[in-house]
Amino acid sequence: MSARPPRDQQEEGGFRQRGGPRGGGGEGGGFRPRRRVCWFCSEGMDYIDYKNADLLGRYVQVRGKITPSRITGTCARHQRRLSDAVKRARLVAILPFVID
Amino acid sequence: MRLYEVMILLPPETGEVKVDDKLRLVETLAQEAGGKVTQSDRRIRRRTAYPVGKHDEVFDMSVQFESNGSTNAELDRRLRLDTDVLRFLVVRLDEDYRYADKRARQREEARRKRKPKPEASRPEGGVAEAAAQPQEAQS
């Protein structure tokens, strides 16, 4: 079995959490995704700096799009702040608008 | 007084003199608006995510300053006319910082309110611990 790659090497679905028995699936074998927590809430980070390229880079996809909150588990409040920070970072060429 | 941050991208070959010029410009305009520079950060050359004015590398500097905002239009105009400046971005920080402080306070308060619960839910343990303490003190 191969180990899970580090987050920065993961593909677009890197944040997706698997369901199944370990993910909270019951005896019925139904798929129930594991509950995701907002990373910013758990870390208590309320200001997202647009200069923090490493952090923002974790929330953009391989093509440069902002990863949706349904995939990352980021709460609506932090997702708004995150998307503002990513857009500012794009303006000052810290992050790309698009990766082709 | 409001807190702003301006990030200025300069060509990689920019000398110290020009960097100082930009810093002085921000400082002067902040003072005119009744504020001051609170933090200046000269960052090293960095690679850009995409070519900016045919440059793959830039020298970027960010300056935080307090101001009432009255001279921001002038700062904007001067930086736009400056041929050395490849790109700049002015952002307002005080609202974000205030919000972050408020949230931190709320979180701290919620934590304080949550704390007494576990102690109240186990009175037996509390009694046993209280009884054990004098013995430890004696030994």
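Computation of the quantities below employed the complete heavy-atom set of this structure, encompassing side-chain atoms and omitting hydrogens, waters and symmetry-equivalent molecules. Chain letters run A, B, ... following the sequence lines, proteins first and then strands; every chain starts at 1.
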Q: Between A/Phe40 and A/Tyr47, is any pair of side-chain heavy atoms under 4.5 Å apart?
A: no
Q: Taking C-beta and beyond as the side chain, do A/Ile48 and A/Leu56 meet within less than 4.5 Å on heavy atoms?
A: yes
Q: What part of A/Leu91 gets closer than 4.5 Å to chain B, counting heavy atoms only: side chain, backbone, both or neither?
A: both
Q: Which bit of A/Arg90 is near chain B, if near means a heavy-atom gap under 4.5 Å: side chain, backbone, both or neither?
A: backbone
Q: Can you tell me how far OH of A/Tyr59 sits from CG of A/Leu82, rounded to the nearest 0.5 angstrom?
A: 7.0 Å
Q: Got a salt bridge between B/Glu95 and B/Arg98, using NZ or NE/NH1/NH2 to carboxylate O under 4.0 Å?
A: no
Q: Would you say B/Leu89 ends up clustered with B/Ile8 if hydrophobic residues are merged whenever their side chains have heavy atoms under 4.5 Å apart, either directly or through other cluster members?
A: no
Q: Non-hydrogen atoms of chain A under 4.5 Å away: do they reach the side chain of B/Leu86, the backbone, both or neither?
A: neither
Q: Distance from B/Arg92 atom CZ to B/Tyr97 atom OH, nearest 0.5 Å?
A: 13.5 Å
Q: Do A/Asp46 and B/Arg107 come within less than 4.5 Å of each other through their side chains, counting heavy atoms only?
A: yes
Q: Pick one of side chain, backbone, both or neither for B/Arg87, based on which atoms fall under 4.5 Å of a heavy atom in chain A.
A: side chain
Q: Determine yes or no for a side-chain-to-main-chain donor-acceptor pair under 3.5 angstrom, with A/His78 supplying the side chain and A/Met45 the backbone.
A: yes
Q: Starting from A/Phe97, can I reach B/Val52 by hopping between I/L/V/M/F/W/Y residues whose side chains sit under 4.5 Å apart?
A: yes
Q: Roughly how far, to the nearest 0.5 Å, is the CD1 atom of A/Ile66 from the OG1 atom of A/Thr74?
A: 11.0 Å
Q: Go through the steps for A/Lys51 and B/Glu5 under the test salt bridge (Lys or Arg N to Asp or Glu O under 4.0 Å), then give the verdict.
A: CA-CA 12 Å; A/Lys51 298 190 290 298; B/Glu5 183 178 79; 3.1 Å; yes
Q: Less than 4.5 Å apart, any side-chain heavy atom of B/Phe88 and any of B/Val90?
A: yes
Q: When only heavy atoms count and the cut-off is under 4.5 Å, which of residues 11-31 of chain B reach chain A?
A: none
Q: For chain B, find which of A/Val98, A/Leu95, A/Ile99 contributes the most heavy-atom pairs closer than 4.5 angstrom.
A: A/Leu95
Q: Can you name the residues of residues 59-85 of chain B that have some heavy atom under 4.5 Å away from a heavy atom in chain A?
A: B/Ser62
